[in-house]
Amino acid sequence: MKIQILGSAAGGGFPQWNCNCDNCKGLRNGTLKAKARTQSSIAVSLNGNDWILFNASPDIRTQLESFRPLQPKQGKRDTGIAAIVLMDSQIDHTTGLLMLREGCPHPVYCTDMVKQDLSTGFPVFTMLGHWNGGLVWNQIPSHDTYNEFQVAEVPGITLTAVPLSSSAPPYSPHRNDPHPGDNIGMLLRDDATGRSLFYAPGLGRIEEHLRPVMEQADCLLVDGTLWREDEMIHAGVGDKLGVHMGHLPQSGEQGMVAYLDTLSHPRKVLIHINNTNPILIEDSPERAVLTEHGIEVAFDGMSIEL
Ligand SMILES: [Zn+2]
Ligand SMILES: [Zn+2]
């Protein structure tokens, strides 16, 4: 199974267009040892030709231009994107759908909750209905703890959707009334080799039912948004804590690093990194802590082969 990191930053990207935090400023001024990053998205394939796109980032145009296997290969109009899977209905994970309108129809796999948000508060399903068949919805089941399904366009991978407790976006009609399926994590297993990836770019807390999934996966690609719980306040760019953003910080006794330490089997990679996070600076003490704990930081253009 081939996994391509198209974008590794959280919402806003790195640098964020209107952000003057130490990281964004330092990257622009060339005074930090760090790489620019686009908003998070990955693509997964078995044969290298037909890819499942996980989330459609606002930066999708740049991401497609930077990865040859997703570009046209035959005929006058073509794409390597065989199907699209959405993990939630957040702007930084779904706005890219609008940029793909010239290639409609597209098969889109998401939960009924995400479909509802994207047909009401942010109605991309409705809007794109005006473009050659638009987005063709395939339901991701989310009523059980572990929901197995297949993406028909890319056979040979068994996907398991795992509901994660978190809030729907501000424009969701059920913003203050959380449902299973508002946000999911995903286990992807290559049927031929048995090798598996667990992908969860938004992980607010590590619930009990995640343990067996994270233990069995060969690679974890999980929430790397924040280093510290009060990072937005500390950086002077916001007033929200990690807990309110649905992102578990890396540091602290209950943090992601401490949790990942309890898992010996999988390769551990952080993705969806906010521009305020010190792990973006390659020679920072925080980055050194990750290295010491065997944890990698995803970057745009990174390839993982399982
Ligand atoms: Zn996000
Ligand atoms: Zn910033």
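Ligands are counted one by one from 1 in listed order, and the atoms in each one are counted from 1 as well.
Contact annotation: the side chain of Ile206 approaches that of Met214 to within less than 4.5 Å [non-hydrogen atoms, C-beta and beyond].
Heavy-atom neighbours of Arg61 CZ from other residues, nucleotides or ligands within 6.0 Å: at or below the threshold of 12.
Looking at Ser8 and Arg37, their side chains do bring a donor and an acceptor atom within 3.5 Å of each other. Gln16 and Asn274 share no side-chain donor-acceptor pair at under 3.5 Å.
Scanning for ring-ring contact (aromatic ring centres under 6.0 Å, His included) contacts around Phe67 gives Trp51, with sequence neighbours left out.
With hydrogens and angles ignored, the 3.5 Å screen pairs a side-chain donor or acceptor of Asn275 with a backbone N or O of Gly13. Judged by distance alone, the side chain of Asp59 and the main-chain N or O of Gln39 form a donor-acceptor pair under 3.5 Å. Lys115 contributes no side-chain N or O that, together with a main-chain N or O of Gln139, makes up a donor-acceptor pair within less than 3.5 Å.
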For residues 240-248, dump all side-chain donor-acceptor pairs below 3.5 Å to protein atoms at least two apart in sequence or in another chain.
unit_1, atom_1, unit_2, atom_2, d
His247, ND1, Asp223, OD1, 3.4
His247, ND1, Asp223, OD2, 2.5
His247, ND1, Thr225, OG1, 3.1

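Listed by chain and number, the protein N, O or S atoms at a distance under 2.8 Å from the Zn ion (ligand 1) are Asp92 OD2, His93 NE2, His272 NE2.
Protein-derived N/O/S atoms nearer than 2.8 Å to the Zn ion (ligand 2) total 4, waters excluded.
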